[in-house]
2 protein chains.
Amino acid sequence: MSRSQVIDFSKIKISCGDCNIHELCLPRGLELQDLEQLEKVIKRTHPLQTGDYLFRAGQEFQYIYALRSGSIKLNLMDEQGNDQILGFYFPGEILGLDAIDKKQHLCSAVALETSSYCAFSFSNLSEICQLVPGLQNQMLRLMSRELTHENELLLMIGTKNAEERMATFLITLSSRFHQLGYSAKEIKLSMSRQEIANYLGLTIETVSRIMSRFQREQLISVNRKQVNIKNPDVLKHISSGSNAGSGKVQWYKQ
Amino acid sequence: MSRSQVIDFSKIKISCGDCNIHELCLPRGLELQDLEQLEKVIKRTHPLQTGDYLFRAGQEFQYIYALRSGSIKLNLMDEQGNDQILGFYFPGEILGLDAIDKKQHLCSAVALETSSYCAFSFSNLSEICQLVPGLQNQMLRLMSRELTHENELLLMIGTKNAEERMATFLITLSSRFHQLGYSAKEIKLSMSRQEIANYLGLTIETVSRIMSRFQREQLISVNRKQVNIKNPDVLKHISSGSNAGSGKVQWYKQ
DNA sequence: CGCGTCGTTGAAGCCGCTCAATAGATGTGG
DNA sequence: CCACATCTATTGAGCGGCTTCAACGACGCG
């Protein structure tokens, strides 16, 4: 029992029941005795610092990760070095599910700020799923939700213009923050303009210009990474594409 | 035992073991006795005709579908009627997995030609997963693969230009056909130009122009929906983006 | 044959990218 | 504490790839 400044994370008692994001996370809906099963396979870890990798593309797949605090970006790179950010992750969300098939991570996950997480051994998890129907269903639901998110991202990038994407991004972020118990109006971005641009399939200049325009039009106020949503209704209107009668792309309506 | 011309599909004995796409499909890797479990929950059906819906957005989620023959497009529509094709599906591939979370289909699946399929009751399937570890793992793998496909699509649309997308589309199609035992060189497209364009985030005119250009450059020969790959190597080269030294977008390389 | 659908091709315009310069923030060392 | 370097973000000017608009051709079907 030393008073060492270094916390020994392997000694910390892990309990999903006490976790404040319990209702958002993997154990959602599990019974108490099932929870204990789950807690047995959690690996203790140090928190990540900004820029640290949760996992890298190419690494062997071993764990599924539940984010407890902070934020993480997931990105995919091809042989030419083209890099695409696939999503930003916040507390309660699960990372690593796409590696199940190839037993190897194809994406990389990088901390955007100091972030803590739980790691679940996948092989153990999949054994427990065999015993706990609720957990199996939760796993399937989580993967299904992941699919839904990507579907919506594809729909956005395929059909919306730059202004609509930017508005959608802000509104979605606001709503996710709200669900986590933070303010829906005052948002602290943990990602850079470059990362926003990449995620939305735009350039950093376009993102910057549109944010400036939104500010001129009193929809938001921006100060570096601090964004205040001043007119969510108009933003939602823009994000839905309803305001464009002119240059709007009329993609393939049947 | 009538000689009725109408086949009664409910009487047909279903056996995954005899199915010719058995090794590509849901039962892949299952033991014989486990297969029997699986076969019990297959719903018998009539084949779909071109334009028929396998399922529609909004419908209650009840079945997971395995395509046996033909091809199907999956698309997602937003409130404004913007429509995005998320993927084209061929024999052995599974549809409907993204509906698990919301217990409701968010996408629609439409037959591009006469297509037959198997329908598995999801609630029964998920019970069997509890008993058959191999099936549970196969389900997870399938969803993971689906995620991987969407990731790659996002990477393509986010980083590649029109020519590269078109080349990637043709090469990918060729490879999938080859895996199914068809010719990798002579491809019969079941989707329209409009559907290709939508899928790739382009317009029909751009798709048409690029296919004409590819034909002029002797990379393919096109006759309506019949496409012959004449120079796969150069196509692969284009699809990887290696040929562009000029106007190539240099997205956010770190 | 007339009609509708689908696909091709041309010309022109626009949205978002590229290039470039500047400002602001952060960090470092003397 | 300030000069300097570095990195991120902003803003402007110009260009280009893809879209838009339009006309035409090819094919299938009644």
Spacing of B:Glu146 atom CD and B:Glu150 atom CD [to the nearest 0.5 Å]: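 Between atom CD of B:Glu146 and atom CD of B:Glu150 there are 6.0 Å.
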Any chance you could measure A:Ile196, atom CD1, to A:Arg165, atom CZ, to the nearest 0.5 Å?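 The distance works out to 14.0 Å.
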What integer distance in Å separates [X]:[atom1] from [N]:[atom2]?
| X | N | atom1 | atom2 | value |
| --- | --- | --- | --- | --- |
| B:Asn161 | C:dT18 | CG | P | 11 Å |
| B:Leu200 | D:dT19 | CG | P | 10 Å |
| B:Met191 | C:dC6 | CE | P | 15 Å |
| B:Leu202 | D:dT20 | CG | P | 11 Å |
| A:Met166 | D:dA9 | CE | P | 12 Å |

Could you tell me whether the phosphate oxygens of D:dT19, OP1 or OP2, come under 4.0 Å of any side-chain nitrogen or oxygen in B:Thr206?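 True: B:Thr206 side-chain N/O within range (under 4.0 Å) of D:dT19 OP1/OP2.
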Test for a donor-acceptor pair under 3.5 Å between the base of D:dC7 and the side chain of A:Gln194, counting only N and O atoms.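 There is none.
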Side-chain donor/acceptor contact of B:Glu205 with base of D:dC21 under 3.5 Å: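 For B:Glu205, whose side chain was compared with the base of D:dC21, there is a donor-acceptor pair (under 3.5 Å).
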State which of [options] makes the closest approach to the side chain of [X].
| X | options | result |
| --- | --- | --- |
| A:Ile204 | C:dT9, C:dG16, D:dA9 | D:dA9 |
| A:Arg193 | C:dG10, D:dT10, C:dG7 | D:dT10 |
| A:Arg209 | D:dT11, C:dT8, D:dA9 | D:dT11 |
| B:Ala162 | D:dC18, C:dC17, C:dC19 | D:dC18 |

Which of residues 211-230 of chain B sit near DNA chain C, with a heavy atom under 4.0 Å from it?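 Residues of residues 211-230 of chain B that come under 4.0 Å of DNA chain C are, in numerical order, B:Ser212, B:Lys225.
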Set of side chain to side chain donor-acceptor pair (under 3.5 Å) partners for A:Tyr63, sequence neighbours left out: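 Applying side chain to side chain donor-acceptor pair (under 3.5 Å) to A:Tyr63 gives none.
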Under the side chain to side chain donor-acceptor pair (under 3.5 Å) test, which residues partner B:Tyr117, sequence neighbours left out?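 Testing B:Tyr117 for side chain to side chain donor-acceptor pair (under 3.5 Å), a comparison that skips the adjacent residues, returns none.
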Report the relative orientation of the aromatic rings in B:Tyr65 and B:Phe55; use parallel for angles under 30°, tilted for 30 to 60°, perpendicular for over 60°.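 Answer is parallel, since the angle falls under 30°.
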May I ask you to say whether B:Glu93 pairs ionically with B:Arg176, meaning some side-chain N is under 4.0 Å from a carboxylate O?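 Looking at B:Glu93 and B:Arg176, the cut-off is met.
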Using a distance-only test with no angle check, is there a side-chain donor-acceptor pair under 3.5 angstrom linking B:Gln49 and B:Thr114?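 Side chains of B:Gln49 and B:Thr114: pair found under 3.5 Å.
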